[in-house]
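Take a look at the structure set out below.
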Amino acid sequence: MASSYNAKEEDGHLSGSAGLGGTAIRTRKPDNTAFKQQRLPAWQPILTAGTVLPAFFVIGLIFIPIGIGLFVTSNNIKEIEIEYTGTDMSSPCFNCSQNFSWNSTTPCKCVLSFTLDQPFESNVFMYYGLSNFYQNHRRYVKSRDDSQLNGDLNSLKDPSKECEPYRVNEKPIAPCGAIANSMFNDTLDLFYIDPNGTKNQIPLVKKGIAWWTDKHVKFRNPAGSNLTAVFIDTAKPVNWRKPVYELDTDSENNGFINEDFIVWMRTAALPTFRKLYRIIQKKNNMTPTLPRGNYTLEVTYNYPVRSFEGRKRMILSTISWMGGKNPFLGIAYITVGSICFFLGVVLLFIHHKYGNRNNSSDIPN
Amino acid sequence: MRLVKRRWKDVRVGDFVRVLSNQIIPADILLLHTSDPNGVCHMETANLDGETNLKQRRVVPGFSTPGKPFQPQTFSSTVVCENPNNNLNVFKGYVERPDKRRTGFGIDSLLLRGCTVRNTDDAAGIVVYAGQETKSMLNNSGPRYKRSKIERKMNTDVLFCMLLLFFMCLIGALGHSIWLETFTTMPSYIVPDRNGNYTPSVLAGFYMFFTMIILLQVMIPVSLYVSIELVKMGQIFFITQDVELYDEELDSRVQCRALNITEDLGQIQYVFSDKTGTLTENKMVFRRCTIVGTEYRHDENAARLAVVSGANEEEEDTLYQQTKLPKLPLEELQDSHTGDKNHANTQVTAANRHRSRVAAGAQCDMAFSTPLETVVVPDRKLTLEVDRQMASILSGPYLDFFLALAICNTVVVSTVTAQRQRDKGRSNSDGSFHIMGQWFRKGSLRNVFSSMKFFKRDGETLADPFAKDEDEPDMFHSSDVSDSTTGQKVLSSEGEVKRSLSRTEEVCYEAHSPDEAALIHAAKAYGFTMVERTPYHVTVKLPDDTLLKFEVLDVLTFDSTRRRMSIIVRHPHTNEIIMYTKGADSAIMERLGNVFSDMSQVDNVAKQIAVKTQKDLDMYARDGLRTLCFAKKVISEKEFKAWFAIRQEALSAIDEKEERLMDTATNIENNFTLLGATGIEDRLQENVPETIQALRRAGMQVWVLTGDKPETAINIAYSCKLLDHEQDLVFTFSTNRKSVCKMRLEDTLGEVRRSSLSPGAEVQFRGNNSGFTLMEHSIGLVIDGPTLSMAMSDDLVEQFVELCKHCRAVLCCRVTPLQKSSVVKLIRQKLRVMTLAIGDGANDVNMIQAADVGIGVSGQEGMQAVMASDFAITRFKHLQRLLLVHGHWCYSRLANMVIYFFYKNVAYVNLLFWYQFYCGFSATAMIDYWLMILFNLLFTSAPPIMFGIMDREVSDSTLLSLPELYKTGQHSEGYRRSTFWIAILDAFYQSLVCFFIPYWTYNGSDIGIFSFGTPMNTVSLFTIILHLAIEIKSWTVVHWVIMIGSVLAYFIVTLAYSAICTSCNPPSNPYWIMHKQMADPMFYLVCTLTTVVALLPRYTLHVLRGTLAPSPHLGARQLERLPPSRREQRIREWRGLRDTCISPSLRSQEHSSSPCPTA
C-alpha cells in the first residue's frame, strides 16, 4: 500500500487577522484554517501493483496456515449421524413413523444399533437433527411470548397476540405460540453393547445444554413456590402430552427453564439443523467417553416429520474450539490464501513489466 | 394633508406616493410632480435592464408645478391606462381632467418599480400598477426549478432499483407459493391463522409479495436523498468557506443560492458569458489620446493602472505610494503655473482612495466614479503643451480638445450629498420607503442645515467646500440655489474632514455612459473641469481657475445610426457659435471638412493630421481600446439661424419626427476640424484571458453574448483571448436578409466540415475522450442579434447548431436578454449539453435562469442577476476555481457517493434476499430489526456523507494547473449507467459472499436465526466500510475518526443492545447473542475471510487499473507526490506532450489548403 503524508502546514493563525488592526471590523472573510480550506494533512494511498504487492503476499501467507489449522482441527472432530426417521421399510422406526398422532397415548418405541469404529475421546455432545424443518418461517419465529417465558404473570394470564392461534385453549396456553407447540418430543437413549453382550445405558447429562444466559436470565418460571400452582390457570400447548410443569422432575429444570425447552425455543437459522440434546461427559482420563464398539439407540418416537418430508437424526460429536465438524472454513481459507498468493505473483509480474513505466518519467495519457 | 410611511406590500393602485432621492421605487408610478424645476426625474434602471445610465422621466404634461410642493388633494382627474403588460418600453394612457380635457402620457412619465430615483430630491405620483402587476414583476419569469444532472440520472437508476425490487419480490412471492404447494398436509411450523385455517398458497404468495416489499424496501435508497442533501450542504459550506473565492474589496464570499446543483459545476460544457461587467469591469478608463496628430501615451497613467489591476488593498496602498512619488516633480511643475490646485487634486485622490477602502463592502459609491476611473495622471508632455497654450493664447486645438472633452457630453453635475445618500439608500433599501411624511421633516431639516451652514462657516472647523473660494462666486451661487443639496453639503463635510479639507471642486458627475465619465474625468485631470450644467448653460473651469460659461444652443444627442453627438455652444469670449462633436472614428472621419478633396496648403496639414490620427486610432483599436474622435466646427451666425429654424420645425413635427431630427443633425454635422481622439479602455477584469484559456483547456466552449455593438465586442473578445488573431478563423454573420444568412450558414458549414474532416489524425482525436479537439475549434463565429434570430428560426436552426458545434468561440453581439436566454436554451436542448450562464446585469437574468447553472456576478449593476442566479461570485476569474476545483470536487464526490449508496443498499438488502431461499420465502429477517434500521441510520450513514463532502482525489493546485482533468466530469465519467451496473453487480457479488460463507460455515449446525444473522451483519458492515475505504482517495483525520467511529459505534451499540434487551423486541430477542458470538473464534474467522473474499475483486481491479490503465487523475495524484520542482517540470511535460500531439495535425491542417487566418 502506497502511503505518503503530504502534510501541508496549517496556517490557521491567519484567521481573524482582520481584527488585529485595532479596527474591529467584522469581515466575512472565511477562516483560513486547514479544515475549512480543505487542506487537512492527508494520507493518499495510490493503488498500484507495486504498492499493494506485499498485502497480497501477507494475506496469502496468513490465510494458508490458518486454513490448514482449521482443516486439521475439523478433521480431528469425530462425528456420527444416525438417521431414525423410518421412511424406509427396512428401518426399525418405519412402523412408528407411519402411525402419526401428536396425542397418541401409547408411545412408539424403536431401537437402532450402530457401531463406532473409533473411540470418542473427550466430552461427546449428543444432538438431534431435523431437516426440512423451517423453524425460521417468519410467522413461526414470531409465534412466542418472551415476557411470558420470562415469568411475567400478566403475560401468563394473557399471552401475546403473536401466539395466535396457539394462544388460548379455553385457558391461556403456557407456553403459548407455535414454537412451543411444536416442541421436539422424541426421547433418545443410548446404550453401549459390551463385547460380552451386556447393555449399558450411557449416562446422559441434560443440564448445561442451553445458554447460561437463557437459562438464568431470559427464561424464568413465574414467581411462586409451587410450579403446579403457578400454572394452574393455564392450559398446556395443544400438541404437548404433559403440561409445562411436568417436563422434568428436577425443579431446576422444570417449567420454562427446562433446558430442552429452552434449546427448542432458540429457533434454528436454517431448515436443516441440529439441536443439542444431551452431553456425555468424560468419566476419567483413562477410558474414552465412548469406546469403540456397538451401540444401540432407543427412540421413543413421538415427533411426526412425514408431513413435510423431514428427517430426524441423532448426532454424536466431539467438540473443538471451532465447534462441530465443518471442513468448509479450512478449505476456504486455504483457497483464498492461495488465490491471494497467486494474485501476488501475477501482480509482481505486472509490476515488473508495466510498473516501472509509471514510476519513471512517463506520464499516463 | 399628512403623509405616512407604508410598507411596499401595502401600496395600492391609486395611492399617491412620494419617493425621495436614491430610494427604490415601490410600484409603477405615474409621475405627477418632481422637485426639479424642469419637471424631470432621473431614474436608474440598472435593476431592470442592466443599463447603468440614468433615464429621464417627465411629469405628465400640464401637471408640472415647479417650486411648489405636491398637493394630491387637488388632483381630481381620472387616470386611464392600458392593462398591465411586461413591455418595459411601452406604456400608454391618458389623464382626463374634470373638464373632459384629456392629456396623453407614455412610458416617459412612468416610474418603474425596482428602479432608483437619482438626482431628484423627490418625485411624487399616483400608483398605476402595484405588486404582481408591475412591469418588472411581469418581466420576472420566476425561478426555474433546477435539478442536477446526476440527480436526473440517479432518478432513473432508482427506477432500476425499483424494478430490481419488483423482481426480487416476485421471486419471493412465487417461491412462497411453490414452497407451500409442496406440502400435502401442513407441517407444524406453518402457523395457521387465528381460526386455525391455512391461507391458500396462491393467496399466501400474493400476500408475500407485499411482505417482501416491506422487507426489502431498503433497496430503494430513500436515505440517499437525505444524504445527498446533507452532502450538498457540506459541499456548499466548503465552497463558501473558500478563502480564494473571497473578495476583499466587497467583503463578500461566493454565495451558493441554489443548494442542489453543486455537482453540475463539474460538468459544464458550454459557458455563456455576458461581456460588460462580467468579462470587463465596466469601468472605462482613459488611457491615451492623440491631439492634432500628436500621440500622448500617458505612460504615468498606464503605470498607475498596471498596479491597480492587482486590486488588492495592500497593493493599492503601495500603488498609491508608488504613483505618488514619480508624480512629485510633476506637481511642482504644475504648482508653478496653477497654484496649489493640483496638489489639492492629489489630495482628492487620496481621499477618494481612502474612502473606497473604508467603504469596502458597500457598492461603488456612484456610477463610474471609483478612483480607478476618476483619477487620471496627466501626461507630462501634454500638460506642458496645454500650459503653453493657456499662457499664450486662449484658444487653440489643445484647449478646444479639452473643452470638447469637458462639455460635449450629457453628464450631469451632482453633489456629494446625492452620492452619500445613495450609499445609505443602498445599505438600508430593505423595502420600507418614505412616503411624503418625510418631505416635511426634510423640509424643516433643510432650514436647519442652511442656517447651520452659515454658522459653520463662521465657526470654521469644518470648512464648507466653497466657503473660502472667493474666486468662484458663480459656482457657489449656483449650487446654493439649485437645490436643497447645499445644506446637506455641510452634513457631508462632517463625515469626511479629509475630503472637505481639499477645498476644491468637489463635484461628482452622473454620467449616462461610462465613456463619458472617463472623458470628463480626463479633462478634469488637465484642469478643465465642468462645474455646472443646466439645460441652457454649461460652465467650465479652466486650468487657470477662470470660468467659462457657455450658452448651450442645442444638443444633438447620440444615436446609433449617426454614431456621434454634438453640442452647439456660444463661446462666452469670442461669441462664436461652436459645435463640438464626438463620435466613432468612422462617423467623424468621413465628415472632415474636405480634407481629401482640396490640395491647398492648409488642408494638407489637416490631411496629415487626419492620417496621423487615423494611424493612432488603428493602434488603439489593436490594443483593444474604445476609440472616440473629437472634432470642432465653427458655425457662422447666419448658417446657424437657418439651420435652427429647420431644427425647430423638426422638433415640433409630429410625423416622422425622429427622421427629421436626424436629417437636421446630419445637415449641420459636416466640415469638421479634427481635434483629436481618445482611447478608452474598458478594463478587463483581472485574469480574464487566463480564465478563458483554462476553461477552454478544460474542454468548455466559451460563448460571449452581449448587447454591445459588434466593434466593441470583438475588441474585447480579442483582448480577452476569446478570439485569437493568429489562430482563429473568424466568420462574421451580420445581415438583414434571411436568404443571405442562409447562404452564409451553408457556405461556412461546408467549409468547416471540409476543413475538419480532411486530416485523418483529427478523427482519431475526436474518438479519444481525453484528446483535444482543438483543431476544429479554431473557428470563431461572430453573429449579431438580428442575424441570430434568423439563424435560430426553425428552418436554419439545425445548420446553425451544427456550425456552432464546430466553433471554438462564438460571439453574439447586439442580442436582447430574451435572445440570450433562447440561445442558451437552444444549445442546451439541441446539443444536450450542460450549460452555464454568467452575467451581472438584469439583462442576464433570463439567460441565467435558462442555463443549467446560472452564475451571477455581484458587481455594480444591481442585484437582479445575483437574485436569479444559483451561485454568485464577485469576479469572473473566480469562475475558474469554482468550476475546475469545486465543480470537479463536488461532481466526483457526489458521483462516487451516489454510486456507493446504491451499492451499499443493494449489498445489504440482498443478504436478506438470499436468506429467503432458506426460510421458505417467508420474509424472515435473520437480523434484528433495530440493528437493521440502525445499520443504515447510524453505522453506515456517516462515512458516505463524509466521503461526499470531504474526499479529495486531486488537490486544488493540480486541478488548476491541469484543467484537462475537468473533462471527466464533462463526459460524466464519474457516474454512468455502466458504473451503476458495475456497482450493482459488485453489490450482488459481495452480498453472495457475505451470505454464503457464513451459510456454509454454519450449515447443519445448531445455530439460531439471529446468531446466524450477527456475523452476517458484522461482515456486511466491514465489507461496506472497507469498500468505501478502497474508494476514499485521501485520508484525513476526519476520515479516520468517522470510519473507525462507525465500526466502534456498531460494536458498542450492538453489544449494549444485546446486553440490555432481555425480552424486548420480539421475535429477535437479541439478548446476549452478540456476546456469545464474539466469544467464539469462528466469528472472527468468518468475518475475516468473508471481508477479504468480498473485497478482493474490487481491490484487485483497482490495482490492475492503477497499474495497467491509469486514469489521468491517477497520473495527477502521482504528480502531487513529487517535489514541487519536479512537479512543475512534469506538468509542463504533460502539457507539452499534448501540444505535440496537436501540432502535427495543426500543421497538416494548414498545409491542406484550408483557409487559415494567418496574417
Side-chain angles (χ1 to χ4, degrees), chain A residues 4 27-30 32 36-38 40 42-44 46-49 52 59 133-144 146-147 150 164-165 178 182 213 217-218 266-276 307-308 321-324 326 328-329 332-333 336 343 350 354-355 363-364, chain B residues 183 185 187-192 194 196 238 241 243 246 251-253 918-920 922-924 926 952 997 1000-1001 1003-1009 1012 1033-1037 1062-1063 1066-1067 1069 1071-1072 1076 1081-1082 1085 1089 1092-1093 1100 1102-1103 1106-1108 1110 1115 1117-1118 1120-1121 1130 1133-1134:
Chain A
S4 73
T27 64
R28 304 189 60 237
K29 182 172 182 172
N32 194 2
K36 285 187 175 176
Q37 300 308 317
Q38 308 188 55
L40 284 175
W43 173 59
Q44 296 181 306
I46 295 182
L47 298 180
T48 56
V52 300
I59 290 175
F133 190 99
Y134 285 83
Q135 240 198 341
N136 55 13
H137 190 285
R138 183 173 54 88
R139 299 194 52 204
Y140 181 83
V141 170
K142 278 195 334 187
S143 188
R144 63 192 284 164
D146 280 315
S147 44
N150 199 29
E164 291 284 358
S182 62
T213 48
V217 182
K218 198 165 157 186
R266 190 160 284 283
T267 49
L270 298 163
T272 301
F273 60 88
R274 61 175 70 166
K275 279 181 186 291
L276 193 54
S307 62
F308 52 90
W321 58 271
M322 61 171 283
N326 188 354
F328 167 76
L329 209 56
Y333 261 95
V336 173
L343 279 175
I350 288 174
Y354 302 98
I363 302 289
Chain B
F183 301 108
T185 53
S188 52
Y189 51 80
I190 295 182
V191 184
R194 173 178 296 236
F238 278 121
Q241 286 297 328
V243 78
Y246 168 76
D251 187 31
S252 78
R253 305 171 179 182
Y918 300 95
C919 70
S922 60
T924 315
M926 69 292 195
R952 197 189 62 180
I997 286 182
W1000 281 318
T1001 309
N1003 190 18
S1005 74
D1006 58 344
I1007 195 158
I1009 293 184
F1012 181 63
K1033 302 298 190 302
S1034 76
W1035 289 77
T1036 64
V1037 184
T1062 40
S1063 63
N1069 217 326
Y1071 186 65
W1072 219 250
K1076 197 91 178 166
M1082 286 293 275
L1085 289 174
L1089 179 73
V1092 168
V1093 174
T1100 315
H1102 267 262
V1103 170
T1107 314
L1108 298 178
R1117 292 178 63 193
Q1118 277 168 343
E1120 288 177 11
R1121 292 261 176 106
R1130 287 271 199 105
E1133 275 173 27
W1134 188 332

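Predicted, not measured: the structure shown is a model, and the values here were computed from it. In what follows, chains are A, B, ... by sequence order, proteins preceding strands, each numbered from 1.
- Side chain of B/Ser188 to main chain of A/Ser182: no donor-acceptor pair is present (N/O by atom type, distance under 3.5 Å, no hydrogens or angles).
- Most heavy-atom pairs under 4.5 Å with chain A: of the set B/Gln241, B/Met926, B/Met1082, this distinction falls to B/Gln241.
- To the nearest 0.5 Å, atom CD1 of residue B/Ile1007 and atom NZ of residue A/Lys275 are 11.0 Å apart.
- Judged as a side-chain contact (heavy atoms from CB on, under 4.5 Å), and not counting sequence neighbours, the contacts of A/Ser307 are B/Thr185, B/Pro187.
- For B/Val191, the parts sitting under 4.5 Å from any heavy atom of chain A are the backbone and the side chain alike.
- Between chain A and the options B/Gly920, B/Gly196, B/Ser252, B/Ala923, heavy-atom pairs under 4.5 Å are most frequent for B/Ala923.
- Residue B/Ser1005 touches chain A through its backbone alone, counting heavy-atom pairs closer than 4.5 Å.
- At a 4.5 Å heavy-atom cutoff, the contact between B/Pro192 and chain A is made by backbone and side-chain atoms alike.
- In terms of heavy-atom pairs under 4.5 angstrom with chain A, the leader among B/Phe238, B/Phe183, B/Trp1072 is B/Phe238.
- Using a 4.5 Å cut-off between heavy atoms, A/Val141 contacts chain B through both its backbone and its side chain.
- For the atom pair A/Phe328 CZ and B/Leu1089 CG, the distance stands at 6.5 Å (nearest 0.5 Å).
- The candidate with the highest count of non-hydrogen atom pairs below 4.5 Å against chain B, out of A/His137, A/Arg266, A/Gln135, is A/His137.
- Using cut-offs of 30° and 60° for the angle between ring planes, the B/Tyr189 and A/Phe133 rings count as perpendicular.
- Heavy-atom minimum distance, B/Thr1062 versus A/Lys218: O-CG, 3.7 Å.
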